[in-house]
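Data block below; observations after.
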Amino acid sequence: EMEKAELDITGMTCAACSNRIEKVLNKQNGVKVASVNLATESASVEYNPGLMEETDIINRIKKLGYGAKVKT
Ligand code: 9UX
């Protein structure tokens with residue numbers, strides 16, 4: 001069963017940023033589908049909790065140089 005992570009992302013200033021994050025996330029083993037929205041500075045990621053954790057997604061985004069945290 002998939003879980004969904006709803007994240008706030010900071011540091012995106014153009015559409016290439018959001019596209020880059022989206023592409024990287026969608027390549028991760030365990031991610032079913034990731035959608036990154038520049039306008040709302042957020043990401044929605046459906047993932048398999050048997051293969052990865054929410055923190056893995058957040059850390060992957062941070063590794064690209066952006067801020068990421070669970071939406072509250
Ligand atoms: Mo656009 Mo984002 O030139 O790091 S790709 S600002």
Side-chain angles (χ1 to χ4, degrees):
E1 199 57 33
M2 296 293 157
E3 284 188 14
K4 184 175 271 188
E6 299 286 357
L7 309 175
D8 284 321
I9 301 182
T10 55
M12 300 190 294
T13 54
C14 84
C17 293
S18 47
N19 289 339
R20 179 152 59 111
I21 297 170
E22 199 171 271
K23 191 172 176 180
V24 165
L25 293 181
N26 277 306
K27 277 195 307 189
Q28 305 304 304
N29 194 29
V31 169
K32 185 186 179 196
V33 61
S35 174
V36 180
N37 189 306
L38 173 65
T40 60
E41 297 187 286
S42 63
S44 178
V45 185
E46 259 193 280
Y47 67 100
N48 182 337
L51 295 177
M52 71 194 313
E53 297 178 10
E54 195 167 53
T55 42
D56 297 320
I57 300 169
I58 288 172
N59 286 335
R60 191 63 190 84
I61 295 170
K62 288 181 175 175
K63 194 174 163 188
L64 289 172
Y66 304 96
K69 62 179 183 177
V70 175
K71 195 170 282 190
T72 53

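Please read all numbers here as calculations on a predicted model, not as lab measurements. Ligands are counted one by one from 1 in listed order, and the atoms in each one are counted from 1 as well.
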(request) Kindly indicate whether the side chain of I9, heavy atoms from C-beta on, has any atom under 4.5 Å from the side chain of N37. (result) no

(request) Answer yes or no: is there a donor N or O on one side and an acceptor on the other, between the side chain of D56 and the main chain of E53, under 3.5 Å? (result) yes

(message) Is there a polar contact between ligand 1 and Y66, counting only N or O atoms under 3.5 Å apart?
(response) yes

(message) I'd like to check which ligand 1 atoms, numbered from 1 as shown, lie under 4.0 Å from a non-hydrogen atom of T13.
(response) 6 (S)

(message) I need the minimum non-hydrogen distance between V70 and E54, along with the two atoms involved.
(response) CG2-OE1, 3.4 Å

(request) Would you check if E6 and S42 make a side-chain contact, meaning some heavy-atom pair closer than 4.5 Å? (result) no

(request) Considering heavy atoms of the protein only, find what lies nearest to atom 1 (Mo) of ligand 1 and give residue, atom and distance to 0.1 Å. (result) C14 SG, 1.9 Å

(request) Examine ligand 1 and decide if any of its atoms is less than 4.0 Å from a heavy atom belonging to R20. (result) yes

(request) Please could you name the atoms of ligand 1 that A16 approaches to less than 4.0 Å, counting only its heavy atoms? (result) 5 (S)

(message) Quick check: do K23 and N19 have side-chain heavy atoms less than 4.5 Å from each other?
(response) no

(request) Do me a favour and list the nearest non-hydrogen protein atom to atom 2 (Mo) of ligand 1 with residue, atom name and distance? (result) C17 SG, 1.7 Å

